[in-house]
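Bear in mind the structure is a predicted one, so any value in this text is a computation, not a measurement. Just so it is clear: chains get the letters A, B, ... in the order the sequence lines come, proteins before strands, and each one is counted from 1.
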Amino acid sequence: MITPGLFYLIGALLLLLPIREKMTYILAILMTTAALMMTFYLVPGDRVQLEFLNYTLTPVKVDRISKLTGLIFTFGGLGSVIYCFRICSRANLRLIFIFIGSALTVAFSGDLFTLYVFWELMTISSSFLIIMASDGTKKTGYYYFLIQVAGGLSALWGVFLQYAATGDLALKTIEAGIPFFMIAVAIKLAFVGFHTWLPLAYGKAPFYVAVVLSIYTTKVGVYVMSRLLPGIDILAYAGLFSALFGIGMALLQTQVRRFLSYSIIIQVGYMIIGISMGTVAGITGAMFHLVNHILYKTVLFMAVGVVVYTTGKDDFENLGIMGRKLPVTSIATLVAFLGIAGVPFFNGYMSKAIIKDAVNEPLLTWGLNLMSFGTCLLFLKFIYYAFLKKSTISLDKQPALSMQVGMGLLTVMMLVIGIHPVWLESVTNMDVAIHYFDKKHLVSGIQPFLWSIAIFILIKKYVVKNYEAPLPYDLYRQIAKQVVTTGYQLSNYHDGKLTKYLLWTTSTLIILLALLLF
Amino acid sequence: MVKKLYKLGLVVSLGMFLFVLFSDIHNLDRTSKNYLSEHYISEGVQETGAINLVTSVLYDYRAFDTLGEATVLLTAATILAFLVPVTKADMLGTTFTIIVYQATKYLIPFIAVLGVYVIMFGHLSPGGGFVGGVVMALIPILLSLTYGIDFSEYKLTPNTKKVVEDIGAIGFILLGLLAVLTGNNFLANGQAGFPLGNAGELISAGLIPYLNVMIGIKVGAGLAIIFNSLMKEQ
Amino acid sequence: MELPFVVVTILFCLGIYTIITQKNLIKIVLGFTIVESSLILIFVLVSYQPGGTAPILDKAYHLVVDPIPQALALTSIVIGGSVTAVMLALVIKIQKRYRTLNVDKLRKLKG
Amino acid sequence: MQAAIWLIILPLLTAFFIGISKVFYSYKLLFPLVTGSAILYLYLLISVIDHSYPPKVYSVGDWGLLGINIMVDPFSGLLLLMIALLFLPVIVFSLKYITFHTHNYFILTYIMTAGIAGMVLTADLFNLYVFLEVSSLSSCALVALKKTNKAIEGTFKYLVMSTLGSFFILLATILTYDLTGTLNMAEISVAFQDIPFQIKSILMAFFIFGYAIKIGLIPLHAWLPDSYEESPIPYNVLSSGLVMKSAVYALIRVLYILFGFDFLDETGMLQIGVVWGVVTFLIAHLLAFQQSNVIRLLAYSSIAQIAYITIGLFVGTERGLIGGNFHILNHAIMKGTLFFVIAIFHYSLTAVDIKDLKGLGFRFPLLSFTFVVASLAIVGLPPFNGFISKWLIVEAALDAGFIYAAFSILVGTFLSLTYYLKVIVTLYTKTDKTIEMKEPGLALKLPTIFLGSLCIVFGIAPSLPLSLIDKIPTFLLDHEEYISILLGG
């Protein structure tokens, strides 16, 4: 048995071969489908063990949660690879394959070593995706790489502490070094305060890169959090805070992709709350929400991608093209919108319902309602620009067929899950014992949506207004500046004077002697 | 001023440490005798066949060190040969009276004989390859000093000296390898069956005189190269 | 036996002091030769034995000094000489290129 | 063990023969002589490494304990392995790259290699000093090879610093002889047990100071970037890969064999070493970020990596020694690759400033990829070799209670990413400038890619070198075994 991620990694290697373009497509589809099939037939409980250095590693370990994550990862991989293989270069496709492959391996890893290695591999491949994209993204890529590696190293330190405390590298709830794992996960999740990379990277990177990154980067964080840090109460409030912050920031954005990235922060808030409950229902709800979120957020990113592809920019104004010229994209966007709004019979509804059921604190319940309401309000803005507002934007070129196929694939899946949520449970053998379509859930699901429509009509002019995005204050840049200044001063001391160097040398000798003698 | 005092302080404290170290060593109660040097002194003559124990240490017991230092000298000569320009040489413009030129001419054979003597009798009397080599190097150096570098290098071109130096070094290694041919370790002398002869005779001590010759050649040529290179001006 | 050690210590420290305080390149090289001389003096001190003679056993066995440090001293003299020669060559070269012997003017490499 | 002595003689003979062939045959004999001897040398190295366990003693001149012994054990086997991995690639590379003073370059390179092999193999304290001088003087000469102003200045600084270090090593060596009456390391080690604490500490300080200058720990490092900047770049591969490492080797040999682990623990040298390492790499990383010249950047990075090695070796546990030794090997490979790539850039368009590298990522895709791999490896990101050794070092430091050191290594990893990423990003920035360049041949590319691929191979299969390295700690932590083998032989 092998990890499905291996298909992607092998695919990346095979793409090195000098094959024709058509063959590339066939290869890509073949590999992604194979990974999907492989994941589908994995049996929970399987594991592979391996001796490395002097550890016993478990590179593959399947259980229900990882299977669910793996399924949605491979499915998203299939959709996004189909979406982008026509429009990106082969080098980038290779990086995308490595990225997806390592994300999948993380999802199936059974020990911290494997997890860390592929976690960093994800960082490396995604950073190079951003860096190689164009000259405009160099600085973004630099920033992204550094922040992600900082997170990775934090996780590594946590791994060391955990290993030193327990002598075990198995993937389970962490006992030592929790703060460091928290920082690591928080950076991946774009938690408020650690979120600076997310809008920057997704807003600047080419749209197909943003599509791929949005599927995996934050979601791997969610998965790892569910594995390592479940049931930490305080995080639920932090998640709520993060989501509310996301709502506020999203409202101020003028660029659709930045808007969507802040919306990711909101949705991740749901998952954090679910996981922090620590109960089976909570975690299951979070994982289902992860599935749903991947589906609709990817579709939204894809739709925006189509807009960027056809009109060249991703301002809100440009969305207007959607309603008139791009039928497939429009349908997909609508379905995704209803999904993200949590309207019954669309996919977001089911997981939100599970999470809401799992939460038993009034404050959090209210928070969840507020979050749903905020999300709806935000996306009404989106819908307004896309379908209601008059627009004069014209098409530069037609979207590629592959883009629409990839988007359609995910949309169909969304509809299936929305109409028949129990199917998702049965595929993964996770029974949460909940009646999705009874009165109580329907009401609580539809309520925020209706309210938001009402409010939207009332305060429309404030919502759809183009605010000036606030200048972001970035603590990390300040720290970096300090460090660079220190380095500059140190460098100034090396002014080439041999006498000075000799003086340092002799002083060292005396210090050494003194230290050793006394 | 502060800097100067600081430097002075550093050196003084280094001196203090050194003094502490020396007095500690001096006060150390040393009962056990130094078995290595005892052995060399009592058995050295029988084992190596050389009367001069320094030579026996340099060319037999610790001949490997000698190879290393020969290499260092060769490296220095190589560096100087390429570092300092080879193009034009000029000697301060001093001219000497004829007495100096003639005396130099007549002195050279004597120096050569002295050099050969010191090298050949290295295992019997004070001296050896290094000292003899230095004496031999005096010949080109004297030539350079009196007749100028041009003449000296006309008589003995730098290339010739370089080749002589290399041959000396290679010869040393090849002599060492002779023992390997007879199935012994590198640089073995008495153990490899080379006749040690009667201690005190010229042809004795196995390989030591030959090693001396090689080192003498090498050091002479090397020093000549170094000296001439340093003197050259553009 | 104390006095030679004092001399050696003073020589050594004087050399080091020359190296770290002097600005003139030639003087720095001289500092190195001073340190080297003091080291060779230590070799001599180490091998010294009261009443001993040079380790050449052409007559009957009698008290001789330790031959090993003498051999080692020879080696280190040669090494030191080579290093000094290379240093002087570099000084010549620097004088040609920089037109100065002040060590503080050697500042093309920094940072 | 006849092959062991050939490891020292063969390069020397080659160097001398090149000297002769220069006069009589000019360039005709150079190529066959150099390559033939390098290949033969590789064969000898492999056969010696193969027999490095259990350790073997070879007595030069058949004198046993009376003379000089050379000894092959796993620790020296590791250093020989590094010579084996680097030497032939460097020679092949240099044959194409070096166009000035070619003969001298090869003479000095061979002498330097002989010196390093001698340092690695010898079991005699004074012999160690002699070979140290051989390698450092020839290494100085190689720095000066270009004869530009900067090269001369760098050489002078290097020579002054390195000679200062040598003096203290020599002083300590003489006094050690005076105290123990012998120069054989094993015998010294035995005799040292009766020597008072104070004398031993001062002697140890001298040894450490002397070798630390050659290693380049901050603040003894200032000569190092200066000497790298204008030297022929293939030499830098050997310099950072072997010259620095041989000094580390000698230091560890002297400390662990002569003084013994218990004494190091007692004097607190282990703590000092670890703290020194931490300070060194933090400062070196900050300094490296400031550099605009890639070679200087790599030089500072070398200092930082050496500091990691120092930490690994001074942590004082088995895992630490394994990690440190593995990092010695890895650093040689990674830094070698980086220098090779930069050397090719320099060969093709004389670019050594970071800003000159613009757009080369698209011009030389494979080489730039190699550069990226090697720099990510040196930063310490998985799945490359640098990660494995850093993992081992951090784990060992944590085990031994040096928590601050372990944490700082991770901070250092982050800092090192900042400047390597700067170079990488510049490599892949498009530029409008039309680049005029010489096309690098296979002779330049092949060694580079060989070393670069090792970065990946040793990352995925670390057990290949670790099978050798795993045997090292037994001979260092407990020097009794080493001593008994040396005395018994």
Side-chain angles (χ1 to χ4, degrees), chain A residues 51-54 91 113 116-121 123-124 127-128 131-132 134-135 138-139 141-142 145-146 149-150 152-154 156-157 159-161 163-164 480 483-484 486-494 496-498 500-510 512-517, chain D residues 153 156-157 160-161 164-165 168 198 201-202 204-206 208-209 212-213 219-220 222-223 225-226 267-269 272 283 285-291 361 372 376 379 381-383 387-388 391-392 394-395 398-399 406-407 410-411 413-415 417-418 421-422 424-425 428-430 462-463 466:
Chain A
E51 293 292 326
F52 188 79
L53 297 177
N54 41 7
F113 187 90
Y116 173 70
V117 167
F118 285 93
W119 174 294
E120 287 288 28
L121 207 54
T123 303
I124 295 171
S127 309
F128 276 99
I131 289 176
M132 307 286 272
S134 73
D135 270 6
K138 298 292 182 224
K139 280 199 171 136
Y142 187 78
F145 204 161
L146 286 185
V149 165
L153 290 172
S154 179
L156 181 61
W157 182 242
V159 171
F160 279 121
L161 289 182
Y163 181 69
V483 172
V484 171
T486 320
Y488 180 72
Q489 277 161 354
L490 278 175
S491 180
N492 270 352
Y493 282 112
H494 294 68
K497 282 190 182 174
L498 186 59
K500 192 186 245 175
Y501 300 161
L502 284 168
L503 197 61
W504 293 350
T505 313
T506 344
S507 313
T508 316
L509 174 65
I510 301 297
L512 190 64
L513 278 166
L515 278 178
L516 280 176
L517 270 191
Chain D
E153 186 186 328
F156 188 73
K157 287 177 181 170
V160 165
M161 287 290 208
L164 192 64
F168 283 90
Q198 192 164 323
S201 331
I202 297 180
M204 187 167 82
F206 288 161
I208 291 170
F209 174 72
I213 285 185
L220 313 175
W223 57 270
D226 290 1
T267 46
M269 189 53 220
I272 295 173
I283 295 179
H285 281 319
L286 290 180
L287 283 167
F289 186 81
Q290 301 294 327
Q291 305 306 319
V372 169
L376 291 184
V379 165
L381 294 180
F387 166 68
I388 306 284
W391 172 287
L392 290 174
V394 173
E395 195 202 326
L398 205 59
D399 263 358
F407 188 74
L410 298 191
V411 175
T413 304
F414 180 77
L415 289 175
L417 182 66
T418 55
L421 200 55
K422 203 167 76 174
I424 293 172
V425 165
Y428 288 105
T429 308
K430 287 198 182 67
S463 51
L466 278 177

**Report entry** Full working for side chain to side chain contact (heavy atoms under 4.5 Å, CB included) between A:Leu121 and D:Leu381
**Finding:** CA-CA 8 Å; A:Leu121 207 54; D:Leu381 294 180; over 6 Å; no
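- Contact annotation for D:Gln290: only side-chain heavy atoms (C-beta onward) come within less than 4.5 Å of a heavy atom of chain A.
- Of all the heavy atoms in A:Tyr142 and D:Lys422, the pair that sits closest is CE1-N, 3.7 Å.
- More than 12 heavy-atom neighbours from other residues, nucleotides or ligands sit within 6.0 angstrom of NZ on D:Lys430.
- Looking at D:Asp399, there are no atoms closer than 4.5 Å to chain A (heavy atoms on both sides), in backbone or side chain.
- The heavy-atom pair separating A:Thr508 from D:Pro219 by the smallest distance is OG1-CG, 3.2 Å.
- Under the side-chain contact (heavy atoms from CB on, under 4.5 Å) rule, D:Phe209 has a single partner from A:Ile510, A:Leu513, A:Leu509, which is A:Leu509.
- Rounding to the nearest 0.5 Å gives a distance of 11.0 Å between CG of A:Leu512 and CZ of D:Phe168.
- Contact annotation for D:Ala406: both backbone and side-chain heavy atoms come within less than 4.5 Å of a heavy atom of chain A.
- Here the side chains of A:Phe52 and D:Ile388 are in contact, with some heavy-atom distance below 4.5 Å.
- For D:Val160, the part sitting under 4.5 Å from any heavy atom of chain A is the side chain, from C-beta outward, and nothing else.
- Minimum interatomic distance between D:Lys157 and A:Gly496 (heavy atoms only, all atoms of both residues): NZ-O, 3.0 Å.
- Considering CZ of A:Phe113 and CH2 of D:Trp391, their distance stands at 5.5 Å, rounded to 0.5 Å.
- Two rings, from D:Trp223 and A:Tyr501, have their centers 6.0 Å or more apart.
- When all heavy atoms of D:Leu398 and A:Ala164 are compared, the closest pair comes out as CD2-CB, 4.0 Å.
- Counting heavy-atom pairs closer than 4.5 Å to chain D, the top-ranked of the candidates A:Ser507, A:Ser491, A:Gly487 is A:Gly487.
- Closest approach of A:Val117 to D:Pro383, counting heavy atoms only: CG1-CB, 4.4 Å.
- At a 4.5 Å heavy-atom cutoff, the contact between D:Leu421 and chain A is made by backbone and side-chain atoms alike.
- Most heavy-atom pairs under 4.5 Å with chain A, from the set D:Ile213, D:Leu376, D:Ile283, D:Val379: that is D:Leu376.
- Pairing each heavy atom of D:Ser201 with each of A:Leu517, the nearest pair is CB-CD2, 4.0 Å.
- Distance check: D:Tyr428 OH to A:Lys138 NZ gives 9.5 Å after rounding to the nearest 0.5 Å.
- Contacts of D:Ile202 with chain A are made by both backbone and side-chain atoms, with heavy-atom separations under 4.5 Å.
- Note that CZ of A:Phe145 and CD1 of D:Ile424 are 7.0 Å apart. Values are rounded to the nearest 0.5 Å.
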